[in-house]
Amino acid sequence: MASFLAGIIYDDQGEVIAIFATIKDISEDLKIKETLKQIALKSTQKKDVILKLATLIGEDLQTSLKKIATTSAEALQADLVTIWEFKKDKTELVSKLFYNTEDQSFDTEGLLIKKENFPDYFEAFKEKNSININNVISNPITKAFAKKFFVPNNIASRIDVLIYGRNDHYGILSFETKSVNRVFNADEESFVTSIASIISLMVESSERKIAENKIALTNEKLIEVNKELNVLRKQLEQENVYLRNELDLVFNYEEMVYGSVEFSNVLNEVEKVAPTNATVLLLGESGTGKELLARAVHNTSARNKKPLIKVNCSAIPRELIESELFGHKKGSFTGAFSDKVGKFELADGGTLFLDEIGELPIDMQPKILRFLQEGEIEVVGGLGSKKLDVRVIAATNRNLLAEVQKSNLEKIYILDLMCFQ
């Protein structure tokens, strides 16, 4: 293409004395202008891409990385995009994402390259934030990859940029192209660096979300644990009050006031049985002081530094008697909102006083019998058995021995064992 410029020269009388013309080739100027226009257009497109991708920060990381790969590959006219993550103190790189523009496929299986196999590539990033290589087959940094990676995929050029993390480098962003001897210009290198910065912010946002979720989950667990601790604290306070009340009622049988030979003989029996670990059955009418005698046995025994736990068998509903005596685990039955320590376990090392033993349901006999024989209990809803050291003192106003001898099966309780052992 050319431009034509012509002119005429006149003398003072207006006569034509000369004619001139110039021709200039402007095709080169147009090419330069068009090139500059394309560069400006591409630069604007890249800026738009960066602004668009920046809006993805805070979204799902894997979805955002796929969007980054497809969009930036198109803007940069790259054939392959890989986002690598450092592992094992920067001695390994694992692909977080691999994108092939030819078939628009993603591979998230995790390609692996190790420093021991490709030391030059890893060393390059100790002094540089990026590498821009126009011939990957011959370049010392990347030629070790040629046979395994570049030749099979017809890769000729690439640009790699470090991705920064919160405290250290997160990984590397790689763009590869089949264009021979392509050198990514300064504008393109700046674009890749900006993309790496966006990935860095995305990773940091994702890690922060994960950390926040972990903290929230931990807080929820702490709240639940705190609730359980409060329940246990209240339970412990109640048990403490119970034990203190029991200890405050300590009574020394020697201070009892009596005047009959019969009662004196009873106290002699108490004095004999107290030092032993024998199970004791107290028989007598209501109001004759069976509980006082039970306390006397406990207080003059070697167990007097441990509590005497009292259970009134007639005052506990039938469906709760097992839980009251042996305890239960949370959720073992309707209404079991927390673990409960049974009276046997509370009396461990001390004495358990079962008052009104004659009112105990017959289906409880095997469980108490097992404890008297084996020294073991089973907590309701628990796994396995517990070994305890508890002395049992029982009391009743019934004539159980007579009922046992009459074979009245509805009234045969654990006292059968107590009466004849």
Side-chain angles (χ1 to χ4, degrees), residues 236 238-258 260 262-316 321 324-327 340-360 364 367-377 386-398 400-401 413-421:
L236 186 59
Q238 293 171 352
E239 291 169 355
N240 237 357
V241 170
Y242 174 85
L243 293 175
R244 288 181 179 278
N245 289 340
E246 291 296 306
L247 290 173
D248 289 341
L249 293 174
V250 172
F251 191 91
N252 190 328
Y253 78 93
E254 293 178 346
E255 296 178 359
M256 293 181 187
V257 177
Y258 59 92
S260 66
E262 288 78 7
F263 198 76
S264 177
N265 292 334
V266 170
L267 295 183
N268 288 335
E269 294 299 318
V270 168
E271 192 172 16
K272 290 178 183 178
V273 76
T276 71
N277 285 321
T279 301
V280 177
L281 174 62
L282 300 172
L283 302 174
E285 299 294 331
S286 297
T288 54
K290 295 186 293 296
E291 182 177 347
L292 291 177
L293 290 174
R295 292 185 183 282
V297 172
H298 173 73
N299 290 339
T300 55
S301 72
R303 298 173 177 268
N304 58 11
K305 296 188 183 299
K306 295 288 185 176
L308 168 66
I309 303 299
K310 175 188 172 183
V311 179
N312 188 335
C313 299
S314 65
I316 304 173
I321 186 68
E324 191 70 23
L325 290 177
F326 303 116
K340 177 182 174 63
V341 178
K343 293 298 190 291
F344 269 93
E345 195 167 348
L346 278 175
D348 191 24
T351 305
L352 179 65
F353 176 47
L354 298 176
D355 198 10
E356 301 297 343
I357 190 72
E359 305 301 326
L360 195 68
M364 286 300 298
K367 295 179 175 62
I368 297 182
L369 180 61
R370 179 182 179 184
F371 174 76
L372 292 177
Q373 291 178 329
E374 308 295 336
E376 294 179 349
I377 65 165
K386 284 187 176 182
K387 198 83 173 176
L388 299 176
D389 175 24
V390 179
R391 180 183 195 171
V392 176
I393 301 177
T396 180
N397 57 12
R398 296 175 180 270
L400 297 180
L401 184 57
Y413 294 87
I414 192 61
L415 277 303
D416 187 6
L417 176 68
M418 293 180 180
C419 291
F420 295 105
Q421 67 176 352

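Counting begins at 1 with the first residue of the sequence. Source: prediction; values computed, not measured.
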pair [X]-[Y]: side-chain heavy atoms closer than 4.5 Å:
X	Y	answer
I309	F344	no
K290	L293	no
V311	E356	no
D348	D389	yes
L325	I316	no

Next item on the list: Look only at the side chain of K387 and the backbone of E374, and say whether a donor-acceptor pair between them is shorter than 3.5 Å.
Entry: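 Present.
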Margin query: Please check: side-chain N/O of N397 versus main-chain N/O of E285, any donor-acceptor pairing under 3.5 Å?
Written below: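 Pair absent, no side-chain N/O of N397 close to backbone of E285.
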Item checked: Name of the residue among K386, R370, K367 meeting side chain to side chain donor-acceptor pair (under 3.5 Å) with E376 ->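 Result for side chain to side chain donor-acceptor pair (under 3.5 Å) with E376: R370.
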Work out which heavy atom in [X] is nearest to a heavy atom in [Y]; give both atom names and the distance.
X	Y	value
A278	R391	O-NE, 2.9 Å
S301	A274	CB-O, 3.1 Å
K306	G350	CB-CA, 3.6 Å
T351	R303	OG1-CD, 3.9 Å
A394	F353	C-CE1, 4.3 Å

Which value, rounded to the nearest 0.5 Å, describes the distance between [X] atom [atom1] and [Y] atom [atom2]?
X	Y	atom1	atom2	value
T300	K272	OG1	NZ	14.0 Å
F326	L388	CZ	CG	9.5 Å
T396	L354	OG1	CG	11.0 Å
L308	E291	CG	CD	7.5 Å
K340	E324	NZ	CD	4.5 Å

Note to self: As a quick check of understanding, evaluate side-chain contact (heavy atoms from CB on, under 4.5 Å) for I357 and R398, giving each step before the final call.
What the structure shows: CA-CA 9 Å; I357 190 72; R398 296 175 180 270; over 6 Å; no
Notebook entry, point to check: Between V390 and I377, does a side-chain contact (heavy atoms from CB on, under 4.5 Å) hold up when you go through it step by step?
Noted result: CA-CA 11 Å; V390 179; I377 65 165; over 6 Å; no
